[in-house]
Amino acid sequence: MFELLGIPPQALFGQLLLGLINGAFYAMLSLGLAVIFGMLNVINFTHGAQYMMGAFAAWLMLTQLDIPFWAALVLAPLIVGLFGIVLEKVLLKRIYHLDHLYGFLLTFGLALIIEGVFQWKWGSSGAPYPSPIPGGTNLGFMFLPTYRGFVVVAALVICLVTWYGIERTKFGAYLRAATENPTLVRAFGINVPRLITLTYGLGVGLAALAGVLAAPIQQVSALMGVNLVLVVFAVVVIGGMGSIMGSIVTGFGLGLVEGLTKVFYPPASNTVIFVVMALVLLIKPAGLFGQTK
Amino acid sequence: MAEALLKVDDLQAWYGESHILHGVGFEIGRGELVTLLGRNGAGKTTTLKSVMGIVGKRTGTVRFDGRDLIARPSDEIARLGIAYCPEERGIFSSLNVEENLLLPPIVKPGGMSLAEIYQLFPNLEERKRSQGSKLSGGEQQMLAIGRILRTGADLLLLDEPTEGLAPVIVQRIGEIIRQLKSRGFTILLVEQNFHFAATVADRHYVMEDGRVVDMIASADVQQNIGKLQTYLGV
């Protein structure tokens, strides 16, 4: 049995896998935040609550209606995405002309309310969600649970599909153009307010999709998104506000950095991302992939 | 002049608290090329923006093809067949040249094809994979004009297409504008450069302090040259 710097390989690869899985969630969530920020100019602090709603929707479907995981993977993001569309139409669209601070306060307040309601109704202890693909493979140097492997692959696919949709399709061209100059895009005949609503719905749906994927790994609980949204916010800042590729690369990268820190210096694992954020902001204030406007 | 395609009457417009247009009135017949001349700050750009529906507040009448535009949002106005080329050109830097060209949706049949547009602007075809931000000023202007020819819009609003460009490019843009007119486009052109305007337009409206104060046909420009120079302060 080989050892690396006195670390047994099981521990190293185990933490790396965990880091990769966390990174997958960071990437999916920061992607949604980046898309929403680019288009709405709002930092969506409700993102963590919407991720939690995705997990809850899947759990409720399974326990109340016997709807299996794979169906929930499609249905939950649709339902939560629709909820996002209603939020945008009723509340968010009223604050676009105001300072960022108002968007932050509104979405942060909404998150507290949503999480409060779920906590009041279902408590905060959390409920387990059975793994839809039980079992795993012994890779020799570590044991890989099949579902966790699936999550990493699924997250990569989701990220790449989103990237392709934004950077290579007509719809994405509308999004990018409207991010730069919404007035002109509208003067070309495109219904920009509808585009904005749709973008928010998509971003929220993406958060819910991550939530469904997380349900079998974590406990489904009202507060599962609270700490996550802070880390994800840091990821978006490090990657560069509004940068799609930046979010994906930084999300996975920081997951791994966090995993490695857990192996080599566990006490720092909770803070390492914020240390990286501070360093990046000092050296490149617009983020690793961001452009200064 | 045939029946007016665009008829503007008592148009008033505001930016926030400042009252910019004080009752602008003019009209353009189908297939005509008309300019708005005037000094900086006379309200030419604001007039175009008011027709397009992108100023804060506006009142009065703007009739296009028999429909009233004043209460409509800009996306609806565009879909009725008006296309706008802004003074700052508005090239999207995160889109490449072809994506910029294909961005404005087709609103009516009868627009130019991509191949025809590339024929008109060969440089754009050579640079179709370049990011919008990498173009020269002249290329950006050509892209900004080329972009609105596909949509099938009948009326083109061009805001100072020659601003800041080298004389040889200005000449090229003049040729292109004449070609567009001969293809049947109706064009409302805002210009500072009245020598340029005189070579392409049928008629000129002169603006001062947010009003149209005079109208001069291109044929009468020579007789009125002194008056025009006073208006424009040249």
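All figures in this text were calculated on a predicted structure; none of them were measured in a lab. Because only heavy atoms are used, hydrogens play no part in the values below, and waters and symmetry mates are left out as well, while side chains stay in. A, B, ... follow the sequence lines: proteins, then strands. Residue 1 opens every chain.
- B:Q141 places no side-chain N or O within 3.5 Å of a backbone atom of B:G138 that could act as its donor or acceptor partner.
- Looking only at side-chain heavy atoms (C-beta outward), B:L149 and B:L120 come within less than 4.5 Å of each other.
- Heavy atoms closer than 4.5 Å to chain A are found in both the backbone and the side chain of B:L103.
- Contacts of B:P105 with chain A are made by both backbone and side-chain atoms, with heavy-atom separations under 4.5 Å.
- Your options are B:L102, B:T151, B:V107, and the one with the most heavy-atom pairs under 4.5 Å with chain A is B:L102.
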Inset, instruction - Tell me, with the steps shown, if A:H100 and A:F37 meet ring-ring contact (aromatic ring centres under 6.0 Å, His included). - result: CA-CA 10 Å; A:H100 283 321; A:F37 178 76; 5.8 Å; yes
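- For B:I91, the part lying near chain A is the backbone, with the side chain staying farther off; criterion is any non-hydrogen pair under 4.5 Å.
- Relative ring orientation between A:F108 and A:F45 is described as perpendicular, the plane-to-plane angle rising above 60° on a 0-90° scale split at 30° and 60°.
- Heavy-atom pairs under 4.5 Å with chain A peak, among B:A83, B:G132, B:S94, B:A78, at B:S94.
- The salt bridge (charged side-chain N to carboxylate O under 4.0 Å, His left out) with B:E27 is formed by just one residue from the set B:R203, B:R63, B:K7; it is B:K7.
- Heavy atoms of B:L80 lying under 4.5 Å from chain A are absent altogether.
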